[in-house]
Amino acid sequence: MPEVTIDPAWLAEHLDAPEIAIADCCFALMQPELGRQQYEAGHIPGAYYFDLNQDLSSPVQKHGGRHPLPDPDRLSAKLSRMGITSSTLVIAYDDSQFGFAARFWWLLRYLGHDRVFVLNGGFTNWKNLGYPVTTIEPPAKSGNFTPQVRTDWIVDIEAVKAKKDLPNVALIDSREAERYRGEREPIDPIAGHIPGAVNYPWQAVTDDRGFLESQDWSDLESKEEILVYCGSGVTACVNLLSLADAGIDRAKLYPGSWSDWCSYQV
């Protein structure tokens with residue numbers, strides 16, 4: 001079994017296995033309804049839809065960023081309706097180079113469930129390979145997902161301020177290089193990055209077809225602590241997935257990310 005990804009051929013062979021649960025995480029930031037519409041038009045058989053805004057985030061406040069972490073009990077209730085128990089193998093997919101599936105992957109592990117993977121190549125590759133697609137939504141099941149929140153997996157703005165300049169700490173900005181350099185900022189009110197952060201764009205984790213590629217994280221091997229952020233704590237999870245794939249599983253997420261940092265500057 002792979003570290004972080006599932007091969008589509010493997011999933012196709014195990015679609016009917018009762019110990020498998022599938023999450024469709026397709027989403028479009030600028031068209032929030034599109035993901036659900038695409039799911040209704042066709043998805044992997046047995047997949048349940050998870051909306052970034054409705055399921056994988058909580059309501060936006062003054063601080064905390066554009067996609068605050070969801071309420072653990074609320075998310076756990078939906079996971080239970082997927083039939084998930086402690087032994088369930090969960091597979092998430094999207095069509096955005098893991099941009100949203102990795103958020104789901106990280107959240108499940110944050111809630112204590114390690115048997116979760118992302119579908120390598122995403123939904124487009126699944127369809128291109130001729131594997132089945134359906135418009136039928138699966139019924140609710142009876143599961144028992146009990147969250148065991150790993151609170152030490154996240155940091156807030158005060159922790160980032162206190163740790164970011166320490167020699168044994170790495171602060172990673174996961175956004176595109178242009179946003180990191182402050183050359184453009186399409187979403188947040190301020191351009192730039194957190195002082196001291198180094199740039200590892202999340203898009204480099206996959207090739208242009210959405211397949212995982214090995215990244216060189218050797219510069220971080222000597223660091224005792226790795227803090228990762230992006231615009232709002234979503235695509236940073238792609239880098240966290242890549243780090244885990246490389247055997248570096250001590251990295252922490254700054255959930256509020258740049259959007260939270262900005263909220264204290266304006």
Side-chain angles (χ1 to χ4, degrees), residues 29-30 52 56-70 96-100 102-103 105-107 109-110 150-206 213 215-266:
L29 287 172
M30 300 305 171
L52 173 64
L56 306 181
S57 306
S58 58
V60 178
Q61 307 294 327
K62 180 179 180 180
H63 301 298
R66 285 180 280 106
H67 293 104
L69 296 183
S96 304
Q97 295 178 269
F98 304 156
F100 306 108
R103 167 83 164 202
W105 168 87
W106 182 88
L107 279 169
R109 298 175 76 238
Y110 170 67
R150 291 161 163 161
T151 56
D152 59 338
W153 279 27
I154 60 175
V155 290
D156 60 14
I157 188 171
E158 295 304 322
V160 173
K161 288 178 179 179
K163 296 181 177 184
K164 67 183 184 65
D165 296 320
L166 298 176
N168 61 342
V169 174
L171 178 62
I172 295 175
D173 186 313
S174 305
R175 298 170 301 160
E176 303 94 314
E178 293 83 1
R179 291 183 71 189
Y180 168 79
R181 294 193 297 262
E183 297 170 359
R184 70 179 185 91
E185 182 44 65
I187 305 175
D188 293 309
I190 299 174
H193 60 266
I194 299 175
V198 293
N199 189 213
Y200 285 83
W202 68 273
Q203 295 93 335
V205 168
T206 60
E213 293 192 319
Q215 297 298 298
D216 182 7
W217 298 104
S218 58
D219 289 346
L220 305 178
E221 290 177 355
S222 63
K223 301 297 183 180
E224 294 180 9
E225 197 163 12
I226 302 169
L227 314 179
V228 186
Y229 76 93
C230 57
S232 64
V234 177
T235 53
C237 295
V238 181
N239 270 341
L240 291 168
L241 181 139
S242 178
L243 284 160
D245 180 64
I248 303 173
D249 215 10
R250 63 182 181 280
K252 299 180 180 181
L253 176 67
Y254 172 23
S257 289
W258 181 245
S259 55
D260 178 59
W261 187 273
C262 283
S263 71
Y264 292 93
Q265 315 298 317
V266 296

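We count residues from 1, following the sequence as given.
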Below 4.5 Å, heavy atoms only, C-beta onward: do [X] and [Y] meet side chain to side chain?
X	Y	result
Glu185	Trp258	yes
Gln215	Ser242	yes
Leu243	Leu220	yes
Pro70	Arg103	yes

So, for [X] and [Y], which heavy atoms are closest and what is the spacing to 0.1 Å?
X	Y	answer
Val238	Gly99	CG2-CA, 3.8 Å
Ala177	Pro201	N-CG, 4.2 Å
Leu69	Ile154	CD1-CG2, 4.1 Å
Cys237	Ala102	CB-O, 3.5 Å
Tyr254	Asp156	CE1-C, 4.0 Å
Gln97	Gln203	NE2-O, 3.7 Å

- Under a 4.0 Å N-O cut-off, is there an ion pair linking Arg109 with Asp249?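 Judged by the 4.0 Å cut-off on N to carboxylate O distance, Arg109 and Asp249 do form a salt bridge.
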
- Is Arg66 salt-bridged to Asp188, cutoff N-O under 4.0 Å?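 Salt bridge present between Arg66 and Asp188.
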
- Item | Intermediate values then yes/no, side chain to side chain contact (heavy atoms under 4.5 Å, CB included), Phe98 and Trp105 | CA-CA 9 Å; Phe98 304 156; Trp105 168 87; over 6 Å; no

- side chain to side chain contact (heavy atoms under 4.5 Å, CB included) assessment of Trp153 paired with Lys252: CA-CA 5 Å; Trp153 279 27; Lys252 299 180 180 181; 5.5 Å; no

- Message: The test is side chain to side chain contact (heavy atoms under 4.5 Å, CB included); show your working for Arg184 and Glu176 and say whether it passes.
- Response: CA-CA 10 Å; Arg184 70 179 185 91; Glu176 303 94 314; 3.5 Å; yes

- Is the Trp217 to Tyr200 ring centre distance short of 6.0 Å?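 Yes: the rings meet the under 6.0 Å criterion.
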
[X] [atom1] to [Y] [atom2] distance, which is reported to the nearest 0.5 Å:
X	Y	atom1	atom2	value
Leu52	Ser57	CG	OG	4.0 Å
Ile226	Leu253	CD1	CG	13.0 Å
Leu29	Phe100	CG	CZ	4.0 Å
Asp260	Gln265	CG	CD	9.5 Å

- Taking it one step at a time, do Arg150 and Asp152 satisfy side chain to side chain contact (heavy atoms under 4.5 Å, CB included)? CA-CA 5 Å; Arg150 291 161 163 161; Asp152 59 338; 3.9 Å; yes

- Under the side chain to side chain donor-acceptor pair (under 3.5 Å) rule, collect the residues that match up with Ser174, sequence neighbours excluded.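 Once residues adjacent in sequence are excluded, the partners of Ser174 under the side chain to side chain donor-acceptor pair (under 3.5 Å) criterion are Asn239.
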
- Query: With Ser218, which residues qualify under side chain to side chain donor-acceptor pair (under 3.5 Å), at least two apart?
  - Reply: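 Partners of Ser218 by the side chain to side chain donor-acceptor pair (under 3.5 Å) criterion, ordered by chain and then number, come out as Asp216.
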
- Query: Can you find a side-chain donor-acceptor pair between His67 and Ser232 that sits under 3.5 Å?
  - Reply: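 Present: a donor and an acceptor within the cut-off.
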
Tabulate below the donor-acceptor pairs under 3.5 Å that side-chain atoms of residues 162-173 make, not counting sequence neighbours, or state none.
{"residue": "Lys163", "atom": "NZ", "partner": "Glu225", "partner atom": "OE1", "Å": "3.3"}
{"residue": "Lys163", "atom": "NZ", "partner": "Glu225", "partner atom": "OE2", "Å": "2.9"}
{"residue": "Lys164", "atom": "NZ", "partner": "Pro195", "partner atom": "O", "Å": "3.2"}
{"residue": "Asn168", "atom": "ND2", "partner": "Glu224", "partner atom": "OE1", "Å": "2.9"}
{"residue": "Asp173", "atom": "OD1", "partner": "Arg175", "partner atom": "N", "Å": "2.9"}
{"residue": "Asp173", "atom": "OD1", "partner": "Arg175", "partner atom": "NE", "Å": "3.1"}
{"residue": "Asp173", "atom": "OD2", "partner": "Arg175", "partner atom": "NE", "Å": "3.3"}
{"residue": "Asp173", "atom": "OD2", "partner": "Arg175", "partner atom": "NH2", "Å": "2.7"}
{"residue": "Asp173", "atom": "OD2", "partner": "Tyr229", "partner atom": "OH", "Å": "2.6"}

- If the plane angle is over 60° it's perpendicular, under 30° parallel, otherwise tilted; pick one for Tyr264 and His63.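 Parallel.
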
